Amino acid sequence: MAEKKTTVISDEERQRQSGFCRQIAQLNSRNNNGRQMLAFVDTYGCQQNEADSERLRGWLREMGYAFTRQEEQADLILLNTCAVREHAEDRVFGNVGALVHVKRRHPGQIICLCGCMMQQPQVAERIRKTYRHVDLVFGPHALWRFPELLWRVLERRLRVVDIEDEPGSICEGIPQVRQSSVKAWVSIMYGCNNFCSYCIVPYVRGRERSRRPEDILREIEALAEQGCREITLLGQNVNSYGRDLSQDVDFPWLLEQINAVEGDFLIRFMTSHPKDATEHMFDVMADCRKVAPAIHLPFQAGNDRVLKMMNRGYTSEEYLDKIRALRERIPDVALTSDVIVGFPGETTAEFEDTLELIRRVEFDALFTFIYSPRQGTPAASMEDPVPMEEKKENFQRLLQVQNEISKKKHLDYVGKTLDCLVDGEGQDPRNNLTARTPGNRLVHLNGDKDMIGQTVPLRITGATTWALFGEPAPRP
Ligand code: SAH
Ligand code: SF4
Ligand code: F3S
């Protein structure tokens with residue numbers, strides 16, 4: 001593939017988009033007698049999409065919208081979609097279909113669909129043809145020009161579709177409305193170059209492009225100053241950060257720079273691709289006080305033939321070597337991973353290698369998926385003779401093995417005292433708060449709401465497969 005230089009959207013262009021925000025605010029105010037306009041934004045998919053939604057909300061706020069959690073009340077509905085598995089897409093089609101009735105009661109309501117799923121031409125076409133109540137469709141590449149697209153919809157009453165395929169760009173300075181003041185997402189790069197054979201992401205998110213370190217550091221300095229306590233660096237493969245920049249920088253270097261930013265905050269990052277996770281990065285993780293002792297390192301499969309067909313670029317032995325190297329440096333590191341069951345042609349005997357790898361590593365938690373064919377990816381045209389029933393059985397076995405491990409690992413925490421960040425309110429009135437251990441395990445506790453945003457020592461008093469229970473303890 002030919003190397004393409006990353007397009008950086010100029011400051012003037014971003015300001016031009018802000019100009020559209022002002023025009024939209026005036027138009028809305030004229031047409032609605034100054035009534036407060038409301039937007040409903042919903043996000044499907046990964047943290048990268050959550051971070052994108054914070055930017056979309058930023059644009060909407062600049063246009064004068066406030067936010068509602070009720071579709072019924074909204075003047076504008078924006079669904080930020082995910083294409084990673086069929087199930088994610090089915091949910092979107094179902095919800096968009098149901099919006100016909102909501103819009104019938106609100107004839108002026110504007111419905112917008114964006115995100116990875118929309119970047120696929122066959123999806124955009126289906127929406128255009130069969131979901132006539134949708135006003136605007138755009139993909140991740142067009143996020144920076146959302147104001148201009150919406151202006152065309154509002155002013156000219158046009159249906160607009162913008163899913164132009166491109167390697168992708170970087171736009172700094174888009175406003176953000178963050179979900180939390182305690183924890184923040186910071187995208188350090190966009191896109192993916194890895195083309196794992198099952199995965200749609202490189203097709204819908206374009207090529208890898210890294211933000212300039214000075215832009216990232218400025219954002220993190222501002223967050224630290226505002227009292228943010230946890231920053232998660234985002235990228236499809238953060239380990240390849242900087243490869244596309246003319247500066248001689250890489251991910252471990254960036255971690256060191258961020259670690260040196262003044263303030264009391266924890267650094268997390270995701271996702272790391274095992275093929276690019278180096279011992280040097282593990283050294284830096286161990287040395288940097290602010291970097292959490294945790295890593296999400298997806299292995300996807302335990303069998304080498306399957307890994308090769310997936311185009312992952314490592315063997316199971318190489319993966320295990322990396323885990324060993326990491327644990328030598330950070331013995332109590334929390335390990336999580338993604339795994340796919342039922343990749344085309346994966347036999348049950350090959351799947352046993354996945355179970356074996358799980359037993360050997362003993363992950364703290366796993367995100368488990370049944371393979372879902374994605375149109376246009378190489379795996380979608382591979383022969384897939386294994387019946388779904390067999391895949392589902394294997395999937396259940398995998399859950400059982402992991403659940404036992406998760407429970408055992410969680411029980412090991414009982415009696416220990418850990419510094420945890422209290423990050424929000426829980427559902428259960430008996431345990432009204434939630435917190436996270438340094439390894440990012442969920443802790444339920446009872447306490448004063450003022451504790452939210454504080455790092456406090458918690459004594460772990462109980463555990464289930466899914467979570468820990470704790471109580472405030474004196475500092476050890
Ligand atoms: N960039 C990240 C993952 C992004 S997608 C990484 O490489 O680790 C998140 C997870 O979804 C993947 O790790 C994989 O386990 C799963 N996934 C991706 N495509 C899939 C597909 N077609 N079917 C099932 N699971 C899939
Ligand atoms: Fe998909 Fe692989 Fe890229 Fe992750 S690294 S986004 S799984 S292609
Ligand atoms: Fe989904 Fe796009 Fe993320 S496909 S998983 S929202 S990068």
Side-chain angles (χ1 to χ4, degrees), residues 1 42-53 56 79-92 113-120 123 139-141 143 168 185 187-209 233-241 243 269-277 295-302 306-307 309-314 319 335-344 346 354 363 365-382 384 388 391-392 394-395 398:
M1 195 179 319
D42 209 4
T43 313
Y44 302 73
C46 65
Q47 290 79 1
Q48 196 74 61
N49 246 21
E50 294 285 351
D52 282 351
S53 287
L56 291 159
L79 306 186
N80 190 10
T81 65
C82 168
V84 81
R85 282 170 293 274
E86 193 179 0
H87 176 67
E89 297 200 332
D90 288 345
R91 273 178 60 216
V92 172
L113 304 181
C114 66
C116 297
M117 184 178 162
M118 298 304 136
Q119 194 66 48
Q120 305 170 98
V123 172
H141 295 314
L143 187 150
W185 311 115
S187 304
I188 61 166
M189 58 193 298
Y190 306 97
C192 181
N193 287 357
N194 290 312
F195 289 93
C196 302
S197 63
Y198 49 81
C199 184
I200 195 73
V201 172
Y203 302 88
V204 293
R205 288 247 171 204
R207 297 293 63 73
E208 272 175 9
R209 50 224 190 260
L233 310 174
L234 296 180
Q236 293 302 340
N237 175 17
V238 293
N239 304 120
S240 52
Y241 174 79
R243 282 186 197 163
F269 54 88
M270 68 186 309
T271 299
S272 294
H273 194 305
K275 78 177 164 53
D276 301 315
I295 192 165
H296 183 66
L297 201 62
F299 70 93
Q300 312 297 3
V306 176
L307 282 170
M309 295 302 284
M310 287 179 161
N311 190 30
R312 286 294 287 180
Y314 54 85
Y319 183 86
L335 277 168
T336 52
S337 195
D338 294 346
V339 50
I340 298 176
V341 175
F343 183 80
E346 182 186 60
T354 291
F363 294 96
L366 274 184
F367 298 86
T368 52
F369 310 104
I370 291 187
Y371 168 74
S372 168
R374 304 284 69 208
Q375 193 178 326
T377 61
S381 47
M382 291 178 191
D384 193 2
M388 188 45 102
K391 295 186 182 190
K392 284 187 175 161
N394 288 341
F395 186 74
L398 177 110

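Since the model is a prediction, treat every value here as computed from it, not as a measurement. No hydrogens, no waters, no symmetry mates; every other heavy atom, side chains included, goes into these values. When a ligand or atom number is given, it counts from 1 through the structure's own listing order.
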Output the list of atoms in ligand 2 that are nearer than 4.0 Å to some heavy atom of [X], sorted by atom number.
{"X": "V201", "value": "6 (S)"}
{"X": "H273", "value": "5 (S)"}
{"X": "R312", "value": "2 (Fe), 7 (S)"}

At what distance is the nearest protein heavy atom to [atom], and which residue and atom is it?
{"atom": "atom 4 (S) of ligand 3", "value": "A83 N, 3.3 Å"}
{"atom": "atom 5 (S) of ligand 2", "value": "N194 ND2, 3.5 Å"}
{"atom": "atom 3 (Fe) of ligand 2", "value": "C192 SG, 2.3 Å"}
{"atom": "atom 3 (Fe) of ligand 3", "value": "C46 SG, 2.3 Å"}
{"atom": "atom 2 (Fe) of ligand 3", "value": "C116 SG, 2.2 Å"}
{"atom": "atom 7 (S) of ligand 2", "value": "Y198 OH, 3.4 Å"}

F195 and ligand 2 - part of the residue with a heavy-atom distance under 4.0 Å: backbone

Counting only heavy atoms closer than 4.0 Å, does ligand 2 sit against the backbone of P202, its side chain, both, or neither? side chain

Give yes if a backbone or side-chain nitrogen or oxygen of [X] is under 3.5 Å from a nitrogen or oxygen of ligand 1, and no if not.
{"X": "Q300", "result": "yes"}
{"X": "Y198", "result": "yes"}
{"X": "R85", "result": "yes"}
{"X": "Y371", "result": "no"}

Does [X] have a heavy atom less than 4.0 Å from any atom of ligand 1?
{"X": "I370", "result": "yes"}
{"X": "H273", "result": "no"}
{"X": "R312", "result": "yes"}
{"X": "V84", "result": "yes"}
{"X": "I340", "result": "yes"}

Any R205 heavy atom less than 4.0 Å from ligand 3: yes

Going by the order shown, which atoms of ligand 3 are within less than 4.0 Å of some heavy atom of N49? 6 (S)

Report, in ascending order of atom number, the atoms of ligand 3 lying under 4.0 Å from any heavy atom of C82. 1 (Fe), 4 (S), 5 (S), 6 (S)

Could you walk me through whether R205 and D52 pass the salt bridge (Lys or Arg N to Asp or Glu O under 4.0 Å) check? CA-CA 12 Å; R205 288 247 171 204; D52 282 351; 3.0 Å; yes

Please work out whether the ring planes of [X] and [Y] are parallel, tilted or perpendicular, with thresholds of 30° and 60°.
{"X": "F195", "Y": "Y203", "answer": "perpendicular"}
{"X": "F299", "Y": "F363", "answer": "parallel"}
{"X": "F367", "Y": "H296", "answer": "perpendicular"}

Taking a cutoff of less than 4.0 Å between a non-hydrogen atom of the residue and any ligand atom, is R205 in contact with ligand 2? no

side-chain hydrogen bond (donor to acceptor under 3.5 Å, both in side chains) between N80 and S53: does it pass, once the steps are laid out? CA-CA 7 Å; N80 190 10; S53 287; 3.0 Å; yes

Looking at K391 and D384, is any side-chain nitrogen of the basic one under 4.0 Å from a carboxylate oxygen of the acidic one? yes

Ligand 1 versus P298: contacting region, heavy-atom distance under 4.0 Å: side chain

With heavy atoms and a 4.0 Å threshold, my read on which part of R374 contacts ligand 1 is side chain

Does any part of the side chain of K275, heavy atoms only, come nearer than 4.5 Å to the side chain of N237, both counted from C-beta? yes

I'd like to check L234 versus F269 (side-chain heavy atoms, cut-off strictly below 4.5 Å). Are they in contact? no

Evaluating non-hydrogen atoms only, which member of C46, C199, P274 is closest to atom 1 (Fe) of ligand 2? C199

I want to confirm something. Looking only at heavy atoms, which of Q236, Q120, R374, R85 is nearest to atom 7 (S) of ligand 3? Q236

On a heavy-atom basis, the closest approach of M310 and Q300 is SD-CB, 3.8 Å

Which heavy atom of S197 sits nearest to which heavy atom of T377, and what is that distance? O-CB, 3.3 Å

E208 side chain to S240 side chain, donor-acceptor N/O pair below 3.5 angstrom: yes

Geometric cation-pi criterion R91 and Y44, 6.0 Å radius, 45° cone: no

Kindly confirm whether atom 2 (Fe) of ligand 2 is within less than 2.8 Å of some N/O/S atom in C196? yes

Using side-chain hydrogen bond (donor to acceptor under 3.5 Å, both in side chains), reason through Q236 and T271 one step at a time and then give a plain yes or no. CA-CA 5 Å; Q236 293 302 340; T271 299; 5.4 Å; no

Quick one: does ligand 3 sit under 4.0 Å from the side chain of M117, the backbone, both or neither, non-hydrogen atoms only? neither

Would you say the side-chain atoms of [X] pair up with the backbone N or O of [Y], donor to acceptor, closer than 3.5 Å?
{"X": "Q119", "Y": "C116", "value": "no"}
{"X": "S372", "Y": "E86", "value": "yes"}
{"X": "Y190", "Y": "R207", "value": "no"}

Hey, could you give me the CZ/CD1 distance between R312 and I340, rounded to the nearest 0.5 Å? 8.0 Å

